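Computed over heavy atoms, backbone and side chain alike; hydrogens, waters and symmetry mates excluded. Both ligands and their constituent atoms are indexed starting at 1 by order of listing. Given the structure is predicted, the values throughout are model-derived calculations rather than measurements.
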Amino acid sequence: MPRYRRFSNTSVSEKILDSMFLIAMAIGYVFAMLHLYFTHQGLDGKAGLSVEDVRIGYYGKHEQTRLGTAIQGPMSGNFPSDTSRQVVIDWIEQGAKKESFETDIKPILDENCIVCHSPASGLGLPPLTSYDKVKALTVSDTGASIQSLVRVSHIHMFGIAFLLFFVGRIFILCELPVVLKRVLVAIPFITMITDIFGWYLTKVFPGFAVIVVIAGALMGVSFMLQIAISLLQMWFWKPQQNTDNDM
Ligand code: HEC
């Protein structure tokens with residue numbers, strides 16, 4: 001029967017190195033969660049992170065456009081009357097056509113909006129000075145673009161696989177029931193891959209946002225468990241002699 005290396009026959013210097021790495025990983029993970037929170041929370045208009053925020057992040061709000069959202073929300077007070085506001089809303093719903101822009105929409109915008117929404121104002125707001133500029137704000141919000149998902153996927157897949165691999169290499173020096181250990185080293189990878197594919201599924205089918213959340217949470221829990229068990233066994237737990245070494 002082969003004998004595998006365990007924490008009990010690892011040098012103190014190596015355990016210090018391993019511990020420093022694991023502690024840095026645990027802190028890094030907390031920052032990753034904070035980053036996730038700040039980029040996704042509140043998309044649904046409510047404070048805090050929810051499945052709905054994840055759904056909007058990937059799938060978008062197909063019924064909403066940036067212009068429509070703004071004029072029914074924070075910008076509604078800039079219209080002289082509800083009638084003029086309704087003219088703009090109807091124009092968006094009818095496909096934001098160029099012909100009616102010049103006659104119906106441009107006068108309203110020139111009168112009420114471009115004081116702020118023009119390059120001349122220096123406020124850095126989206127300009128509402130020409131058809132093309134306004135049209136750009138009337139495309140519906142379809143969530144994350146495939147291009148950005150592909151970019152984040154490849155960074156995630158390469159970057160996180162590395163971290164999981166090194167944490168997993170340290171973790172296998174623990175003494176645990178063999179089945180439990182085999183499952184625990186695989187789960188972070190399986191959930192990471194599920195999470196990433198979940199983004200694409202959510203972009204098309206918003207219901208999959210739940211999968212993204214569950215897979216992401218499971219990955220975090222299994223990753224943190226590996227770190228915690230490794231640190232505990234390394235420094236505080238002395239295994240009995242002749243434990244099952246077939247792992
Ligand atoms: C007094 C200056 C001011 C006027 C007038 C004004 N806006 Fe705005 N607008 C802002 C500011 C500041 C923001 C960004 C902050 C915010 O979203 O509340 C903004 C945001 C917007 C956005 C959202 C842009 C984005 O990034 O999604 C739209 C669309 C918009 N305004 C349309 C209009 C329309 C249409 C009018 C005219 C009826 C108008 N605004 C009049 C100051 C102004």
Side-chain angles (χ1 to χ4, degrees), residues 31-153 155-156 198-209 212-213 216:
F31 279 114
M33 286 299 99
L34 285 174
H35 174 71
L36 183 87
Y37 179 81
F38 288 126
T39 49
H40 283 76
Q41 78 85 26
L43 288 178
D44 61 355
K46 297 189 207 89
L49 191 61
S50 64
V51 175
E52 180 64 10
D53 290 321
V54 174
R55 191 186 75 88
I56 296 170
Y58 293 105
Y59 179 73
K61 277 181 170 174
H62 289 204
E63 71 287 2
Q64 287 288 23
T65 67
R66 277 170 76 184
L67 184 61
T69 308
I71 65 181
Q72 296 180 71
M75 290 298 122
S76 62
N78 290 313
F79 287 92
S81 65
D82 281 352
T83 331
S84 59
R85 193 168 69 106
Q86 196 58 44
V87 171
V88 182
I89 294 173
D90 292 344
W91 176 73
I92 300 171
E93 272 165 16
Q94 285 149 21
K97 303 255 167 49
K98 182 155 192 169
E99 306 79 69
S100 41
F101 178 77
E102 299 297 335
T103 53
D104 303 345
I105 306 301
K106 196 170 189 322
I108 298 176
L109 301 182
D110 285 352
E111 184 82 14
N112 306 293
C113 315
I114 63 165
V115 220
C116 302
H117 288 273
S118 67
S121 77
L123 293 175
L125 297 167
L128 300 174
T129 42
S130 69
Y131 173 74
D132 291 341
K133 301 265 164 52
V134 178
K135 174 80 186 170
L137 297 173
T138 66
V139 290
S140 74
D141 170 5
T142 56
S145 69
I146 289 289
Q147 196 192 355
S148 77
L149 285 184
V150 168
R151 181 168 50 81
V152 181
S153 305
I155 298 173
H156 252 71
W199 302 344
Y200 293 87
L201 284 169
T202 307
K203 179 160 174 58
V204 186
F205 311 105
F208 279 93
V212 173
V213 173

Pairs meeting criterion side-chain hydrogen bond (donor to acceptor under 3.5 Å, both in side chains) with involvement of residues 97-110, two or more places apart: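 Checked against side-chain hydrogen bond (donor to acceptor under 3.5 Å, both in side chains) - neighbours excluded - the pairs reaching residues 97-110 are W91-S100, K106-D110.
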Atom indices of ligand 1 within 4.0 angstrom of L67 heavy atoms, with elements: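 Within the 4.0 Å cut-off of L67, ligand 1 contributes 29 (C).
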Atoms in ligand 1 with a heavy atom of I71 nearer than 4.0 Å: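 Checking each atom against I71, I get 35 (C).
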Near atom 8 (Fe) of ligand 1 (under 2.8 Å) - protein N, O or S atoms: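 Checking every protein N, O and S atom gives M75 SD, H117 NE2.
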Distance from atom 5 (C) of ligand 1 to nearest protein heavy atom, with residue and atom: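 So the nearest neighbour among protein heavy atoms is N112 O, 3.3 Å.
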Atom 24 (C) of ligand 1 [closest protein heavy-atom partner, distance rounded to 0.1 Å]: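 For atom 24 (C) of ligand 1, the nearest protein heavy atom comes out as P126 CG, 3.5 Å.
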For D90, all residues meeting salt bridge (Lys or Arg N to Asp or Glu O under 4.0 Å), sequence neighbours excluded: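 D90 satisfies salt bridge (Lys or Arg N to Asp or Glu O under 4.0 Å) with no residue once adjacent residues are dropped.
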Exercise check, heavy-atom protein proximity under 4.0 Å to atom 15 (C) of ligand 1: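 It does not: no protein heavy atom is found less than 4.0 Å away from atom 15 (C) of ligand 1.
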Nearest heavy atoms of S118 and T129, plus distance in Å: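 Looking at all heavy atoms of both residues, the shortest contact is CB-CG2, 3.7 Å.
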Under the side chain to side chain contact (heavy atoms under 4.5 Å, CB included) test, residues paired with P126 that sit two or more places apart: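 Checked P126 against side chain to side chain contact (heavy atoms under 4.5 Å, CB included); matches are R66, H117, L137.
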Backbone or side-chain N or O of R66 under 3.5 Å from ligand 1 N or O: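 Indeed, backbone or side chain, R66 has an N or O that close.
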Ligand 1 versus T69: contacting region, heavy-atom distance under 4.0 Å: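 Neither; no heavy atom under 4.0 Å.
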